[in-house]
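To start, the structure itself, in structure tokens.
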Amino acid sequence: MPLNDTDIDFFQRVYEVARRIPSGRVTSYGAIARYLGTGRSARVVGYAMNASSSVHPPVPAHRVVNRIGLLTGKHHFPLPDLMQQLLESEGVVVENDQIVDFEKLFWDPMKELGI
DNA sequence: ATCCTGACTTGAC
DNA sequence: GGTCAAGCCAGGA
């Protein structure tokens with residue numbers, strides 16, 4: 001079901017989408033931004049993730065990477081390697097901060113949740 | 001209000 | 001194929 005509510009702010013909508021990412025799958029900041037209709041706010045999605053550690057319920061921020069599957073946000077986790085560990089615990093293979101078979105594991109909100 | 005920063009993306013070159 | 005610069009927008013100083 002689409003998230004068309006305008007009574008919740010942008011950050012909350014980002015978190016809602018991020019929580020729908022299935023275990024073992026990943027998506028990108030830009031994909032979330034486009035799904036929310038603000039295709040040019042990719043950076044803000046990352047900014048929202050930065051604040052996601054203090055929101056409730058929790059957000060699986062480790063399943064969100066940049067468009068080429070690079071773990072650019074790993075240094076913002078409590079431990080630098082936590083992001084990779086979480087992904088690998090879900091079956092995602094990571095090599096040199098790069099997700100292997102990123103295109104296969106990519107979860108597109110537009111496709112999966114509908115436009 | 002203005003300037004700066006940044007877990008990004010895209011379009012030139 | 002790569003690398004670089006510009007655009008983007010929410011928050012903080």
Side-chain angles (χ1 to χ4, degrees):
Chain A
M1 51 181 93
L3 303 166
N4 53 352
D5 298 353
T6 52
D7 55 327
I8 55 180
D9 58 44
F10 183 72
F11 276 32
Q12 291 302 320
R13 290 198 282 164
V14 171
Y15 300 147
E16 287 289 328
V17 177
R19 291 191 191 104
R20 299 181 188 210
I21 305 172
S23 176
R25 304 291 300 281
V26 292
T27 191
S28 74
Y29 305 96
I32 294 177
R34 278 196 299 274
Y35 175 72
L36 294 178
T38 59
R40 302 156 203 172
S41 309
R43 301 188 80 161
V44 184
V45 173
Y47 199 85
M49 286 302 156
N50 186 33
S52 68
S53 54
S54 58
V55 302
H56 166 67
V59 177
H62 60 281
R63 296 183 191 141
V64 186
V65 296
N66 75 352
R67 70 177 178 111
I68 63 174
L70 211 53
L71 307 192
T72 51
K74 61 176 290 188
H75 294 111
H76 293 265
F77 280 77
L79 298 173
D81 293 328
L82 181 58
M83 186 175 190
Q84 176 171 344
Q85 287 179 5
L86 289 171
L87 286 170
E88 289 182 335
S89 70
E90 296 178 353
V92 178
V93 181
V94 179
E95 200 170 293
N96 294 330
D97 296 341
Q98 166 74 46
I99 293 180
V100 180
D101 288 334
F102 176 65
E103 293 184 0
K104 288 184 184 176
L105 299 176
F106 184 74
W107 181 85
D108 188 357
M110 287 293 204
K111 221 184 207 177
E112 309 289 344
L113 299 179
I115 309 172

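The sequence lines fix the lettering, A, B, ..., with proteins before strands; numbering per chain opens at 1. The structure displayed is predicted, hence computed values, not measured ones.
Within a 6.0 Å sphere centred on CZ of A:R40, other residues, nucleotides and ligands contribute 12 heavy atoms or fewer.
When side chains are defined from C-beta on, A:P57 does not count as touching A:Y15, because their heavy atoms never get closer than 4.5 Å. Residues A:M83 and A:V65 have side chains in contact (heavy-atom distance under 4.5 Å, counting atoms from C-beta outward). At least one side-chain heavy atom of A:R63 sits less than 4.5 Å from a side-chain heavy atom of A:S23. A:Y29 has its side chain out of reach of A:V44: every pair of non-hydrogen atoms, C-beta onward, lies at least 4.5 Å apart. For the pair A:R25/A:E112, a side-chain contact is recorded, criterion being any heavy-atom separation below 4.5 Å from C-beta on. Annotation: side chain of A:T27 is not in contact with side chain of A:Y35 (no heavy-atom distance under 4.5 Å).
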Practice item. Could you walk me through whether A:H76 and A:M49 pass side-chain contact (heavy atoms from CB on, under 4.5 Å), step by step? Key: CA-CA 9 Å; A:H76 293 265; A:M49 286 302 156; over 6 Å; no

Point to revise | Audit row: A:L71, A:L87, side-chain contact (heavy atoms from CB on, under 4.5 Å) steps and yes/no | key: CA-CA 10 Å; A:L71 307 192; A:L87 286 170; 3.8 Å; yes

Review point. side-chain contact (heavy atoms from CB on, under 4.5 Å) between A:V93 and A:D101: does it pass, once the steps are laid out?
Key: CA-CA 8 Å; A:V93 181; A:D101 288 334; over 6 Å; no

Review point. Can you give the dot-bracket line for DNA chain B, using ( ) for pairs inside the strand, [ ] for pairs that cross earlier ones, | for pairs with another strand and . for unpaired bases, where Watson-Crick and G-U count if both distances are under 3.5 Å?
Key: .|||||.||||||

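The outermost nucleotides of DNA chain C lying under 4.0 Å from heavy atoms of chain A, listed 5' to 3', are C:dG7 to C:dG11.
Within the 4.0 angstrom heavy-atom criterion, no nucleotide atom of any strand lies near A:R63.
Side-chain N/O atoms of A:R34 include one lying less than 4.0 angstrom from OP1 or OP2 on B:dT10.
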Could you pull out the protein-nucleic contacts involving nucleotides 5-8 of chain B (nitrogen or oxygen on both sides, under 3.5 Å)?
from  : atom 1 : to    : atom 2 : distance (Å)
B:dG6 : N9     : A:R43 : NH2    : 3.2
B:dG6 : N7     : A:R43 : NH2    : 3.1
B:dA7 : OP1    : A:H76 : NE2    : 2.7
B:dA7 : N7     : A:G46 : O      : 3.4
B:dA7 : N7     : A:N50 : N      : 2.9
B:dA7 : N6     : A:M49 : O      : 2.9
B:dA7 : N3     : A:Y29 : OH     : 3.2
B:dC8 : OP1    : A:T72 : OG1    : 3.2
B:dC8 : N4     : A:R43 : NH1    : 2.9

